[in-house]
Amino acid sequence: MRAGNSWNPLWDKLFEWDPEWTEQFMSMGSLPIRRGVLTPQFVELLSIAVDAACTHMYSPGVRRHIRAALELGVSRAEILAVLELTSVLGIHACNVGVPVLAEEFDAFERRRAEQR
């Protein structure tokens, strides 16, 4: 991963403390790429989605994978579509939060009405 410029410096300490486990983990994660099951373009688009997701939000990775995707011939429209699709993950905050807000607001109004 270092040779392929995919190494995250945040992994340095983990590698220092347990190089064998880190190597095994990195090997497992890169196996589909090494096997050639997915095209390099698709791998970059998938990597953009993972790094841009609201649960990860790793902007250096987004930048690195966008650069790599463009170099591989991926269009701006394709990258934008991936970012737009990834943004839908954030809707879960509304899916969870809005029903809770509705319940709590109803309970709040009932308590206020009882106090009058």
Side-chain angles (χ1 to χ4, degrees):
M1 295 193 69
R2 289 179 203 257
N5 205 22
S6 297
W7 184 259
N8 181 339
L10 297 173
W11 299 330
D12 286 342
K13 185 58 73 176
L14 178 61
F15 182 76
E16 178 186 326
W17 286 348
D18 197 340
E20 183 181 1
W21 184 90
T22 306
E23 287 290 337
Q24 291 286 328
F25 178 79
M26 298 301 166
S27 178
M28 177 191 65
S30 63
L31 187 60
I33 297 164
R34 290 194 324 269
R35 285 184 176 162
V37 174
L38 305 173
T39 66
Q41 294 87 343
F42 185 79
V43 168
E44 293 305 330
L45 289 170
L46 188 58
S47 298
I48 291 166
V50 169
D51 282 345
C54 62
T55 55
H56 193 59
M57 296 189 334
Y58 182 60
S59 60
V62 173
R63 183 175 303 281
R64 182 176 68 244
H65 293 295
I66 286 176
R67 281 188 195 134
L70 290 169
E71 291 294 325
L72 289 168
V74 176
S75 73
R76 181 179 67 181
E78 290 170 312
I79 295 169
L80 182 58
V82 166
L83 292 170
E84 290 168 346
L85 289 167
T86 302
S87 73
V88 175
L89 290 172
I91 195 66
H92 292 298
C94 289
N95 293 345
V96 170
V98 170
V100 171
L101 172 60
E103 290 172 13
E104 291 301 321
F105 188 73
D106 289 344
F108 173 76
E109 286 188 323
R110 281 193 304 276
R111 285 192 305 274
R112 283 186 64 191
E114 290 170 1
Q115 291 172 352
R116 290 183 196 157

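Values in this document were obtained by computation on a predicted structure and should not be read as measured data.
No chain of hydrophobic side-chain contacts below 4.5 Å, direct or via other Ile, Leu, Val, Met, Phe, Trp or Tyr residues, connects Met26 to Ile33. The hydrophobic cluster containing Met28 also contains Trp7, counting ILVMFWY residues as joined when their side-chain heavy atoms lie under 4.5 angstrom apart, directly or transitively. Residue Tyr58 is not grouped with residue Leu83 when hydrophobic side chains (ILVMFWY) are merged at heavy-atom distances under 4.5 angstrom, including chains of intermediate members.
Pairing each heavy atom of Ala52 with each of Val62, the nearest pair is N-CG2, 3.5 Å. The minimum heavy-atom distance linking Pro99 with Cys94 is given by the pair CD-O, 3.6 Å. When all heavy atoms of Ile66 and Ile48 are compared, the pair lying nearest together is CG1-CD1, 3.7 Å.
Think of Leu31 as one node in a network of Ile, Leu, Val, Met, Phe, Trp and Tyr side chains linked at under 4.5 Å; it has no links at all. Residue Val100 belongs to no hydrophobic cluster, having no ILVMFWY side-chain heavy atom closer than 4.5 Å to its own. Other residues sharing the hydrophobic cluster of Val98, ordered by chain and number and joined by side-chain separations under 4.5 Å: none, the residue standing alone.
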List, one per line, each side-chain donor-acceptor pair under 3.5 Å for residues 84-91, sequence neighbours excluded.
| residue | atom | partner | partner atom | Å |
| --- | --- | --- | --- | --- |
| Thr86 | OG1 | Val82 | O | 2.7 |
| Ser87 | OG | Glu84 | O | 2.6 |

Compile the donor-acceptor pairs under 3.5 Å between side chains in residues 35-44 and protein atoms, sequence neighbours left out, one pair per line.
| residue | atom | partner | partner atom | Å |
| --- | --- | --- | --- | --- |
| Thr39 | OG1 | Phe42 | N | 3.0 |
| Gln41 | NE2 | Leu72 | O | 3.4 |
| Glu44 | OE1 | His65 | ND1 | 2.6 |

Which donor-acceptor pairs under 3.5 Å do the side chains of residues 105-116 make with protein atoms, sequence neighbours left out?
none

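Screening residues 17-41 for ring pair (Phe, Tyr, Trp, His ring centres under 6.0 Å), with sequence neighbours left out, gives Trp21-Phe25.
For Asp18, the salt bridge (charged side-chain N to carboxylate O under 4.0 Å, His left out) test picks out no residue, with sequence neighbours left out. With sequence neighbours left out, the side chain to side chain donor-acceptor pair (under 3.5 Å) criterion links Glu78 to Ser75. Partners of Ser27 according to the side chain to side chain donor-acceptor pair (under 3.5 Å) rule, which considers only residues two or more places apart in sequence or in another chain, are Arg34. Annotation: side chain to side chain donor-acceptor pair (under 3.5 Å) contacts of Glu16 (sequence neighbours excluded): Lys13.
In this structure, the separation between CZ on Arg64 and CG on Asp51 is 6.5 Å, given to the nearest 0.5 Å.
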